[in-house]
**Q** 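Shown below is the structure under consideration.
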Amino acid sequence: MGTSMTVRDIDPGDKSWLRCYSRQRGVSMEEMVRQLIREKRAKTERRPKPSEAFARHFGEQYGIELPVPVRSGHKSTSFSGKGEE
């Protein structure tokens with residue numbers, strides 16, 4: 001599965017730098033751009049809030065609901081099962 005990309009109107013100085021930098025690393029210019037994009041994504045990737053991570057792993061399908069935040073803290077959550085009496 002091959003893909004190609006075309007970058008138009010790139011600054012000649014940037015293109016020269018990219019060519020030299022990729023040659024030093026022993027990869028093609030295209031692969032160097034892919035690596036730079038991956039590095040940028042990794043640096044800017046948003047870290048999920050604890051509540052988002054909890055919801056993703058133990059969400060509604062498992063019967064657990066997160067406490068609803070209110071101004072003075074949070075409401076307590078009951079973990080008693082339905083049908084328990």
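Residue numbers count from 1 along this sequence.
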**Q** Any chance you could measure W17, atom CH2, to I10, atom CD1, to the nearest 0.5 Å?
**A** 9.5 Å
**Q** CE of M29 to NZ of K15: how many Å apart, nearest 0.5 Å?
**A**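 The NZ atom of K15 is 5.5 Å from CE of M29, to the nearest 0.5 Å.
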**Q** Atom CD1 of I37 and atom CZ of R41: how far apart are they, to the nearest 0.5 Å?
**A**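 The CD1 atom of I37 sits 6.5 Å away from the CZ atom of R41.
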**Q** If I take atom CE from residue M32 and atom CZ from residue R25, how far apart are they, to the nearest 0.5 angstrom?
**A** 4.0 Å
**Q** Take R38 and E31, measure what salt bridge (charged side-chain N to carboxylate O under 4.0 Å, His left out) needs, and give me the verdict at the end.
**A** CA-CA 11 Å; R38 276 188 233 116; E31 182 58 31; 3.5 Å; yes
**Q** For the backbone of L18 and the side chain of S22, can you confirm whether one donor and one acceptor N or O come within less than 3.5 Å of each other?
**A**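 Present.
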